[in-house]
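Read through the structure below, which is laid out as structure tokens, and then see the notes.
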Amino acid sequence: MKGLADKPSYIIELLEGGVTLEDVIDGRICEQALVEKSAFVVGDLGALMRQHVCWQSVVPQLQPYYPVKCNSSPVVIEVLASLGLGFICANKTEVSLVLEHGVPPENIILSGVCKQLAHIKHAAKNNIQHLVCENEAELSKISRLHPSAKLLLQLTTKAHAAETSMAFGFSLKSCRHLLEAAKELGVQVVGVTFHIPSSCQDLQQAYTHALSDARCVFDMGVDLGFNMNILDIGGGFTGSEFQLKQVESAVRPLLDAYFPPLSGVQVLAQPGSFYVASAFSLAVNVIGKKVVARHWDSIAQGVNNEDTEFLYYMNEGVYGPFSCKLLGNSIAAPSVHKHVRCADGVYPSSLWGPSLDQLDQVVERCLLPELSVGDWLCFSNMGVCGLEEFTCLSGSPQLPVYYTVSTCDWYEMQEAGVALDSAMKNFSMVQYSA
Ligand SMILES: *Cc1c(COP(=O)(O)O)cnc(C)c1O
């Protein structure tokens, strides 16, 4: 039988005393300096725990379901599963991964608005009951291959359509028709899901529309005899506590009005970026440098050499760990790993990947001290560029990922139910030594 036992085990370094993540990055850079100077990733499992604590304190009424596509590192899955999260899986591979980590099938939702037949069959075989659906073609596939499924209908939102420039989900207009079709086919509908991306400018308006539409769908469903009991308000949580509070204050009065606790409706959300973004940092090496003479019209404060701009080439780019840049996300400026001589000031700089391709620009413009070839840059908040995805795009070997956790975070995680001996048997913890 194939199981966790034949998989590589993951080493997690326990940081004791005052050892910080920066110390770990320093240590790895020193090691790398002696060899190939390859890029690497450092993961901080404590960040997952801190985000979980923040989630529970700000939105305790929303059950978190983690979308695996955001970061499918087995370590992330293991920790989040141990913390009791549910999972949103887009395909069979993600379902298998999550099941292998002992997540009960009732805590898994198969998402995706058009699913490959084999993936629907796989869900049926593995008792994954909850599937997302948005159109009739999908409905008839599901009724054939997984007749006992419980459907969440994907409701479209303006904000989501604007972001993807594609109309995802069904509209309120087509709703009755879809519900009647489900009824006719004998497939159960149990709720509604929608997604409002974090790029949305007017959260209040977006959630007001989505939740009142969702209420209409619930009423129609109940009318047709369905037991409507799951509302999924999707993702769109950046990871900041401030933004989570903004969403909470937009959503809470609406939930109180449309889906009060007494209604018995279970309310879920899909925090992906929220959990993982801050947990990973990426260190890359500067492998090339060009100076461009330029005249800036306006002189930004703090730029003391406005005629000079630097182009730096790094050993990873958009065909590697910065792939989310290709999807339109911007990458925040890195910090410089070296003892910066402040007196030299900062220069406008752009950061490029190694491919010499126009698309391979990672950061368009940021202010950095003058760097030399061989210097290191450290990008934080890199948890969402799925670590596995990097590899299939770049075709290069996977970047090493060093997992760490501080003793005090680890203590808190154990209190919360994460345990090495049972759930985390596939992982070994070692003491960090510099
Ligand atoms: C990607 C995704 C999310 C979460 O992404 P965030 O970055 O956390 O907003 C949620 N739901 C679905 C269906 C997704 O595809």
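Remember, it's 1-based here, ligands and their atoms both numbered in the order they're listed. Quick note: residue numbers are just sequence positions, from 1.
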Hey, do the aromatic rings of Phe274 and Trp55 have their centres closer than 6.0 Å?
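Yes - the distance between ring centres of Phe274 and Trp55 falls below the 6.0 Å cut-off.
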Qualifying ring pair (Phe, Tyr, Trp, His ring centres under 6.0 Å) pairs, either residue in residues 199-227, two or more places apart:
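Non-adjacent pairs meeting ring pair (Phe, Tyr, Trp, His ring centres under 6.0 Å): Phe218-Phe259.
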With Lys115 as reference, evaluate Glu134, Glu138, Glu94 under the salt bridge (charged side-chain N to carboxylate O under 4.0 Å, His left out) test and give the passing residue.
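So, applying the salt bridge (charged side-chain N to carboxylate O under 4.0 Å, His left out) to Lys115 and each of Glu134, Glu138, Glu94, only Glu138 qualifies.
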State whether Asp44 and Arg50 are salt-bridged, where the test is any N-O pair (Lys NZ or Arg NE/NH1/NH2 against Asp/Glu carboxylate O) under 4.0 Å.
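So Asp44 pairs with Arg50 through a salt bridge.
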Looking at Lys150 and Glu106, does any basic side-chain N land under 4.0 Å from a carboxylate oxygen?
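Not counted as a salt bridge, because no side-chain N and carboxylate O are separated by less than 4.0 Å.
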Are there any protein N or O atoms under 3.5 Å from the N or O atoms of ligand 1? List them with distances, or say none.
from: ligand 1; atom 1: 7 (O); to: Ser273; atom 2: OG; distance (Å): 2.4
from: ligand 1; atom 1: 8 (O); to: Gly272; atom 2: N; distance (Å): 3.0
from: ligand 1; atom 1: 8 (O); to: Ser273; atom 2: N; distance (Å): 2.9
from: ligand 1; atom 1: 8 (O); to: Ser273; atom 2: OG; distance (Å): 3.4
from: ligand 1; atom 1: 9 (O); to: Gly236; atom 2: N; distance (Å): 2.7
from: ligand 1; atom 1: 11 (N); to: Gln270; atom 2: OE1; distance (Å): 2.3
from: ligand 1; atom 1: 15 (O); to: Lys69; atom 2: NZ; distance (Å): 2.3

What orientation do Phe310 and Tyr347 show, parallel under 30°, tilted 30 to 60°, or perpendicular over 60°?
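Geometry flag for Tyr347 against Phe310: perpendicular rings.
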